[in-house]
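This report refers to the structure that appears directly beneath it.
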Amino acid sequence: MWGDSKPMLKSRGGGGGGGGADEEGDYFPNTPRKDWSTGLLKLVTAMVIFMAGVVIGLSVSANVSRYYYNSHTELFFPTATYSSCDRRGATGDCGPGFKAFVHPPTLAHSMTDDELFWRATLVPTAEEFPFQRVPKVAFLFMTRGPLPFAPLWERFFRGHQGLFSVYLHTIPDYKLNVSKTSPFYGRQIPSEEVSWGSITLVDAEKRLLANALLDFSNERFVLLSESCIPVFNFPTVYEYLINSEHSFVESYNIDTPQSAGRYNRRMAPHILPEQWRKGSEWFELNRELAVRVVADYKYYSIFRKHCRPSCYPDEHYIPTYLHLFHGSLNANRTITWVDWSRGGPHPARYGAGNINVDFIKAIRNNGTQCLYNSKHTSVCYLFARKFAPSALGPLMNLTSTVLDF
């Protein structure tokens with residue numbers, strides 16, 4: 001019957017009828033070519049993913065290595081400090097050089113205090129230097145801003161290049177107005193705010209020492225203020241310091257409110273009352289002790305925590321620290337003369353009316369006897385303070401006579 005008839009499907013091979021499964025198989029054959037294409041596609045996809053992973057991994061590794069290298073290179077060789085070429089017109093290698101490493105050509109750098117102090121206290125173990133080292137005296141000036149006696153110091157330094165270095169700690173971003181030929185030009189270190197009587201004064205002292213230690217030729221380090229003057233010529237000062245067997249840090253303890261009375265018992269057991277010391281902040285250190293002071297954190301932390309007004313860290317920290325560990329290397333006296341005879345919290349200040357030949361001679365030889373390399377001498381002071389800006393003119397008039405520079 002027409003209603004019961006169904007169309008007959010023929011196989012592609014031309015054979016007669018068959019089941020539905022066979023008919024589907026004729027239209028969608030599972031050929032070996034189809035299987036091979038699918039496998040190849042999966043393999044290619046896997047290879048692409050693998051190569052992409054390799055590329056990404058190498059890129060990340062290169063960036064990490066570059067960061068590690070650059071960060072450590074910047075710590076050892078700050079770009080601004082250790083550049084060995086003039087970047088304005090250089091076409092060759094501008095990488096850090098050995099000469100720039102041992103004698104940084106500029107003082108600019110981006111190191112934090114912790115990084116600077118760590119870098120400055122790296123000490124070579126080799127006994128001989130691989131360069132011709134001429135020991136220098138580093139003059140460390142701590143000043144709020146102007147240097148009223150810059151002309152006097154410029155005349156003092158004149159003709160002695162290579163035997164001294166100058167470093168200035170000022171208020172941040174202060175622009176010192178000196179000529180390009182001045183030994184003070186470009187000698188400001190990265191500085192921070194300083195408050196009188198606080199631990200920030202010690203921070204500034206350490207900052208000056210650390211920046212000066214980056215120059216391996218600096219052998220002696222003397223701290224000065226803007227009101228200090230030299231009372232001898234440069235050759236006398238240089239020979240006195242370079243040939244000294246001791247550093248010059250005033251260190252004593254007497255039973256007064258201004259000395260023993262400032263001790264805080266919370267400093268025990270690390271610092272005992274009998275170990276407590278006081279002295280002038282205007283120190284002079286050799287390189288070994290400068291490294292020790294910059295490297296110390298333990299005792300610095302004790303003073304930061306427990307020495308607060310009316311305890312003044314700048315008058316106690318270095319004298320106490322040296323007494324504890326390096327007393328035999330210290331002369332226990334200062335080489336900066338100051339007049340406290342008038343009493344009060346600040347020393348006498350001298351202006352134009354006080355300056356004459358006899359006054360300078362009296363500072364040089366005021367009847368004081370001291371020890372120099374274990375021998376008695378009357379030459380105990382190389383510098384003096386505190387002088388008003390008005391004293392500059394009369395002092396300049398004495399440079400060719402009694403001051404002899």
Side-chain angles (χ1 to χ4, degrees), residues 134-141 143 147-168 178-179 181-185 187 212 215 217-248 280 282-286 331 333-339 350 352 354-373 375-405:
V134 177
K136 296 190 294 185
V137 176
F139 292 82
L140 317 177
F141 288 86
T143 174
L147 288 172
F149 295 104
L152 183 71
W153 284 102
E154 288 167 355
R155 192 168 293 184
F156 170 80
F157 289 129
R158 187 172 58 191
H160 303 289
Q161 287 75 13
L163 298 179
F164 69 90
S165 302
V166 172
Y167 300 85
L168 301 172
V178 293
S179 69
T181 60
S182 171
F184 295 101
Y185 181 78
R187 303 307 296 175
D215 187 330
S217 288
N218 286 330
E219 184 62 30
R220 309 291 299 209
F221 305 79
V222 56
L223 183 68
L224 302 159
S225 76
E226 70 270 25
S227 66
C228 286
I229 67 166
V231 294
F232 285 97
N233 60 23
F234 183 88
T236 301
V237 170
Y238 181 84
E239 293 296 328
Y240 194 100
L241 296 180
I242 293 296
N243 294 323
S244 175
E245 299 171 357
H246 302 90
S247 294
F248 299 95
S280 168
W282 309 107
F283 59 73
E284 192 280 336
L285 297 172
N286 65 19
R333 64 181 178 90
T334 181
I335 51 172
T336 300
W337 178 89
V338 65
D339 181 6
Y350 294 96
N354 305 108
I355 308 303
N356 53 53
V357 172
D358 290 337
F359 179 71
I360 299 299
K361 287 183 177 180
I363 294 174
R364 286 181 170 182
N365 189 356
N366 58 6
T368 301
Q369 287 285 312
C370 57
L371 292 177
Y372 177 80
N373 291 346
K375 296 180 180 179
H376 289 279
T377 180
S378 61
V379 180
C380 302
Y381 300 108
L382 306 180
F383 311 100
R385 63 184 300 269
K386 193 173 186 181
F387 291 86
S390 63
L392 177 63
L395 286 169
M396 294 293 286
N397 292 334
L398 297 179
T399 57
S400 61
T401 56
V402 63
L403 290 176
D404 191 25
F405 54 82

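Along the sequence shown, residues carry numbers from 1.
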Quick one: closest heavy-atom pair of C380 and T377, and the distance?
-> SG-O, 3.8 Å

Please examine the side chains of I335 and L241, heavy atoms only from C-beta on, and report whether any two atoms are closer than 4.5 Å.
-> yes

Of all residues at least two apart in sequence or in a different chain, which pass the side chain to side chain contact (heavy atoms under 4.5 Å, CB included) check with S280?
-> E250, W282, T334

Pairs where residues 226-235 contributes a residue and the test salt bridge (Lys or Arg N to Asp or Glu O under 4.0 Å) is met, not counting sequence neighbours | R144-E226

Can you tell me how far the CZ atom of F164 sits from the CZ atom of F156, to the nearest 0.5 Å?
-> 9.0 Å

With F232 via ring-ring contact (aromatic ring centres under 6.0 Å, His included) - residues at least two apart = none

Specify the closest pair of heavy atoms between Y238 and P135, including all atoms of both residues, with the distance to one decimal.
-> OH-O, 2.6 Å

Do Y381 and N366 get their side chains close enough for a donor-acceptor pair, meaning under 3.5 Å?
-> no

Quick one: does L398's side chain get under 4.5 Å of I355's, heavy atoms only?
-> yes

If you measure from OH on Y350 to CD1 on I363, what distance do you get to the nearest 0.5 Å?
-> 7.5 Å

With D404, which residues qualify under side chain to side chain contact (heavy atoms under 4.5 Å, CB included), at least two apart?
-> N233

If you take all heavy atoms of Y167 and A138, which pair is closest and at what distance?
-> CE1-CB, 4.0 Å

Give a yes-or-no answer on whether the side chains of K136 and S217 include a donor-acceptor pair shorter than 3.5 Å.
-> no

Report the residues that fulfil side-chain hydrogen bond (donor to acceptor under 3.5 Å, both in side chains) with Y240, sequence neighbours left out, ordered by chain and then residue number.
-> R333

Rounded distance (nearest 0.5 Å) linking atom OG1 of T336 with atom CG of L382 | 8.0 Å

Sorted by chain and number, sequence neighbours left out, side chain to side chain contact (heavy atoms under 4.5 Å, CB included) with S244 holds for R220, H246, F248, Y372, N373

So how far is it from N397 CG to L392 CG, rounded to the nearest 0.5 Å?
-> 9.5 Å

Who pairs with S227 by side chain to side chain contact (heavy atoms under 4.5 Å, CB included), at least two apart in sequence or on another chain?
-> S225, R385, K386

Any side-chain heavy atom of R155 within less than 4.5 Å of one from L403?
-> no

Any chance you could measure F405, atom CZ, to F234, atom CZ, to the nearest 0.5 Å?
-> 12.0 Å

Side-chain contact, heavy-atom cut-off 4.5 Å: R158 with P183?
-> no

Taking the side chain as every heavy atom from C-beta outward, state whether L147 and V178 have any atom pair closer than 4.5 Å.
-> no

In Å, rounded to the nearest 0.5 Å, how long is the span from OG1 of T143 to CG of L224?
-> 11.0 Å

Taking every non-hydrogen atom, the tightest pair across P151 and P148 | CD-O, 3.8 Å

Main-chain N/O of N286 paired to S247 side chain as donor or acceptor, under 3.5 Å | yes

What is the minimum heavy-atom distance between R364 and V231, and which atoms define it?
-> NE-O, 2.7 Å

Side chains of E284 and L223 in contact at under 4.5 Å (non-hydrogen atoms) = no

Contacts of T401 meeting side-chain hydrogen bond (donor to acceptor under 3.5 Å, both in side chains) (sequence neighbours excluded), chain-then-number -> none

Any idea which heavy atoms bring V379 and C370 closest together, and the distance?
-> O-SG, 3.8 Å

F141: partners by ring-ring contact (aromatic ring centres under 6.0 Å, His included), with sequence neighbours left out = W153, F184

Sequence-distant partners of N243, side-chain hydrogen bond (donor to acceptor under 3.5 Å, both in side chains), two or more places apart = E239

Under the side-chain hydrogen bond (donor to acceptor under 3.5 Å, both in side chains) test, which residues partner S182, sequence neighbours left out?
-> E154

